[in-house]
Amino acid sequence: MNQTVYHLLHTCKTLKRLKSLHALLLVSGSIDSSDLVLNKIIRLYSRFGATDYARNVFDEITERNPFLWNSMIHGYVENSQHTEAFSLFRDMDVTPLNFTVSSILKALGRLKWLRVGEGMFGLIWKCGFCFDLLVQNSLIDCFMRCGEVDCARRVFDGLEEKDVVSWNSMLSGLEIARELFDSMHEKNVVSWTSVICGYVRKGDMVEARNLFEAMPTKDMAAWNVMISGYTDVGDMHTASSLFEAMPFRDTGTWNLMISGYCKVGELERARKYFEQMPCTNVVSWTMMIDGYVKSGNLHEARYLFDEMPEKNLITWSTMIGGYAKNGKPSAALELFKSFKKQGLELDETFILSIISACSQLGIVDTVESVMSDDVGSRYFSDTRVVNSLIDLYAKCGNIEKASQVFEMEDKKDFCCYSTMIVAFANHGLVEKAVYLFEDMQRKNIEPDEVTFLGVLSACNHGGLVNEGRRYFKQMTEEFKIQPTEKHYACMVDILGRSGFLEEAHEMILSMHVAPTSAVWGAMLAASNVHRNVQMAEIAASELFKIEPENSGNYILLSNIYAAEGRWHDVARVRSLIREHHVKKNRGSSWIELASAVHEFVMGDFSHVDADRICFILSLLNEDMKLSGYTKNKDLHPISTLNPSYLSLSSDTEMDEELF
DNA sequence: GCAGACGTCA
């Protein structure tokens with residue numbers, strides 16, 4: 001009987017089938033005796049992601065053997081329910097199997113619970129698993145994953161007095177793992193790959209490479225890990241030389257190369273690999289489409305999209321989002337409609353990516369039609385979706401609606417607050433941003449670096465120097481958050497514009513990362529406002545080093561000299577421009593737009609649709625106060641646009657003056 | 001027991 005049941009269970013390919021068979025077995029009362037059958041049921045439920053059903057079965061069993069425990073714990077881990085796995089593990093009243101220990105270590109590694117992982121040593125010793133290769137490899141993997149925790153480091157750095165114990169406990173997981181690895185008598189491919197992968201994750205390609213070279217036999221995983229490490233840092237040169245040297249490649253390897261070249265924007269190279277590879281899959285196609293979308297080539301993207309044999313949810317969201325990001329809301333909408341006909345179930349990430357694509361250009365309609373859909377509205381409960389909706393409305397200029405959505409959300413997390421604070425700051429609603437930040441602290445919600453950036457930029461808008469200083473201090477001292485260049489640039493701007501040039505300069509000198517052009521740029525601008533030639537010279541000379549090709553810096557400096565009547569110096573800067581062959585700065589986005597519009601006006605625009613024209617014009621409307629133009633799709637671009645409208649910026653005037 | 005490739009708010 002049991003054999004037949006076992007066999008029947010084996011044929012269950014869907015959760016629905018399994019549930020009905022399970023029900024049948026319960027009714028006929030034929031399963032309570034067999035551990036084997038119960039175990040199979042638990043494992044199947046877990047495989048279908050229904051761990052709650054598995055747990056119900058598990059809880060009904062009075063005498064559980066180690067295999068049953070193992071199945072349940074492993075089921076949780078398989079479904080990324082790591083904390084559930086661990087709490088069940090703690091309840092175990094029988095000696096665990098090595099498989100179970102290995103599963104639990106996997107969970108601890110993903111949770112980055114380093115201390116608990118260390119605590120496992122005793123148990124492993126007691127159960128006699130310390131020479132078990134399976135367990136040893138899992139231990140290494142666990143510690144390797146814990147190696148990147150820096151919250152421990154934050155606490156550590158904040159300690160007034162560091163004693164031996166605290167120093168010892170700061171030995172990172174990576175070092176524990178390495179020690180373990182070095183002391184192993186018998187290492188296999190898995191041990192090697194785990195350690196290498198740990199270094200790759202940490203970004204230490206040198207050590208990763210050393211180990212890789214020392215590895216006696218290299219399997220596919222090892223090669224792929226190395227290649228992905230190089231593509232991650234954009235070193236396509238090394239990646240491709242490894243690729244060439246590889247004795248075997250799978251589809252994943254080829255895809256790594258495609259993804260790498262797409263990331264650095266070398267689409268022709270990516271396409272060449274795509275054409276050459278023996279066997280493509282959905283991922284290869286989707287990556288190529290994404291590459292074309294990012295480079296603005298929607299034609300080619302759509303061509304591949306229509307050509308590809310099967311599409312998944314990601315493919316659809318890439319293409320739909322691609323239209324939205326490139327200012328084609330109606331094409332996005334149309335594609336969304338055909339997506340719905342496919343009957344594919346959408347997920348929260350799908351919604352998120354559409355919202356984010358639309359919010360970049362302020363397209364509300366597409367999102368609203370997705371969300372008003374019966375499938376879409378289910379995701380209103382997802383905090384992340386709500387957050388991106390807030391962001392969307394804010395970016396579209398509808399701060400009231402953004403604020404309404406924010407107020408409606410009852411589980412506001414730090415992300416939610418951050419989004420709203422940034423939104424207020426960008427709209428110049430300084431008091432509201434600051435109030436919200438204070439409110440957040442009253443409710444004991446811990447801010448992160450983005451929250452601080454938001455409140456600092458609010459201070460910047462409002463010229464709140466003292467508040468800015470206080471928040472910056474709070475961020476670094478109380479919350480131990482390392483400021484990024486953006487934080488510094490913001491602070492320099494706040495201080496500089498209020499005339500505290502010395503203090504701003506000191507702040508730059510105290511930076512632990514190399515100051516970027518944004519930081520020195522803020523300094524230069526502030527020096528201009530306060531006519532401080534000496535400080536301007538310092539900032540400008542740094543800027544010339546970082547971005548010698550940016551004409552704006554030379555122009556600003558020469559304007560400062562000119563204001564002081566120092567004509568010799570003005571001439572000197574001019575000659576500098578000639579010396580460095582600095583071209584006119586045409587890099588800023590609105591100038592690109594202007595020239596795009598110019599193209600329509602002057603040339604053939606038959607390939608350009610109304611959407612795009614409308615989109616560009618609406619941007620121009622905002623940025624350049626294009627006079628007398630009303631947004632209307634039916635207007636003929638030639639009749640409404642005249643290139644002479646496009647020379648409104650004061651920067652451009654300076655440009656013309658100088659060259 | 002190890003790895004990798006596509007869409008995710010501030």
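In what follows, every heavy atom counts, from backbone to side chain, and hydrogens, waters and symmetry copies are set aside. Lettering of chains follows the sequences in order, A, B, ..., and the numbering in each one begins at 1.
Using a 4.0 Å heavy-atom cutoff across all strands shown, A:T349 reaches at least one base atom of the nucleic acid. Backbone-only engagement by A:V422 is indicated by non-hydrogen atom pairs under 4.0 Å involving sugar-phosphate atoms exclusively. Among the protein residues, A:L256 comes within range of the sugar-phosphate backbone only, with heavy atoms under 4.0 Å from sugar or phosphate atoms but none that close to a base. Residue contacts for A:S418: at a heavy-atom cut-off of 4.0 Å it reaches a base atom on one of the strands shown. Note on A:V225: only backbone sugar-phosphate atoms sit closer than 4.0 angstrom, heavy atoms only; bases stay farther off.
Closest to the side chain of A:C415, from the set B:dG4, B:dC9, B:dC6, is B:dC9. Among B:dT8, B:dG1, B:dC6, the nucleotide with an atom closest to any side-chain atom of A:R384 is B:dT8. Nearest to the side-chain atoms of A:S317 among the listed nucleotides B:dG7, B:dA5, B:dC2 stands B:dG7. Considering only side-chain atoms of A:T286, the nucleotide from B:dA10, B:dT8, B:dC6 that sits closest is B:dC6. Between B:dG7, B:dG1, B:dA5, one nucleotide has an atom nearer to the side chain of A:S353 than all others, and that is B:dG7. Picking from B:dA10, B:dG1, B:dA3 the nucleotide with the shortest atom distance to the side chain of A:A221 gives B:dA3. If you check B:dC2, B:dC6, B:dA5 against the side chain of A:N281, the one that comes closest is B:dA5.
Contact of A:T193 with B:dC2 (side chain to base): a donor-acceptor pair of N or O atoms is detected under 3.5 Å. Scanning atom types as modelled, one donor and one acceptor separated by under 3.5 angstrom connect the side chain of A:D250 and the base of B:dG4. Judged by atom type and distance alone, A:D232 does not reach the base of B:dG4 through any side-chain donor-acceptor pair under 3.5 Å.
In this structure, A:R249 does not reach the B:dA3 phosphate: none of its side-chain N or O atoms is under 4.0 Å from OP1 or OP2. Not one side-chain nitrogen or oxygen of A:R145 sits closer than 4.0 Å to the OP1 or OP2 atom of B:dG1. At least one side-chain nitrogen or oxygen of A:K395 sits closer than 4.0 Å to the OP1 or OP2 atom of B:dA10.
Taking atom CG of residue A:D219 and atom C1' of nucleotide B:dA3, one finds them 8 Å apart after rounding to whole Å. Regarding A:F305, its CZ atom lies at a distance of 15 Å from the P atom of B:dG7, rounded to whole Å. As rounded to whole Å, 16 Å separates atom P of B:dC2 from atom CG of A:N224. Computed from coordinates, the A:I258 CD1 to B:dA5 P distance equals 14 Å when rounded to whole Å. At whole-Å resolution of the value, CG in A:L133 and P in B:dC2 are 12 Å apart. Between A:R271 atom CZ and B:dC6 atom P there is a gap of 19 Å when expressed in whole angstrom units. Distance NZ (A:K294) to C1' (B:dC6): 9 Å, rounded to an integer number of Å. In this structure, the CG atom of A:N426 is 10 Å from the P atom of B:dA10, given to the nearest Å.
The line from OG1 of A:T253 to CG of A:N224 is 3.5 Å long, rounded to the nearest 0.5 Å.
Judged by distance alone, the side chains of A:Q474 and A:Q441 do bring a donor and an acceptor atom under 3.5 Å apart. For the residue pair A:W285/A:T280, the side-chain donor-acceptor check at 3.5 Å is satisfied.
Each of A:S284, A:S240, A:S259, A:C262 was compared with A:Y273 under the side chain to side chain contact (heavy atoms under 4.5 Å, CB included) criterion, and only A:S240 meets it.
Classification of A:R178 and A:E207 as a salt-bridged pair holds, one side-chain N sitting under 4.0 Å from a carboxylate O. Using a 4.0 Å cut-off between a side-chain N of Lys or Arg and a carboxylate O of Asp or Glu, A:R271 and A:E275 qualify as a salt bridge.
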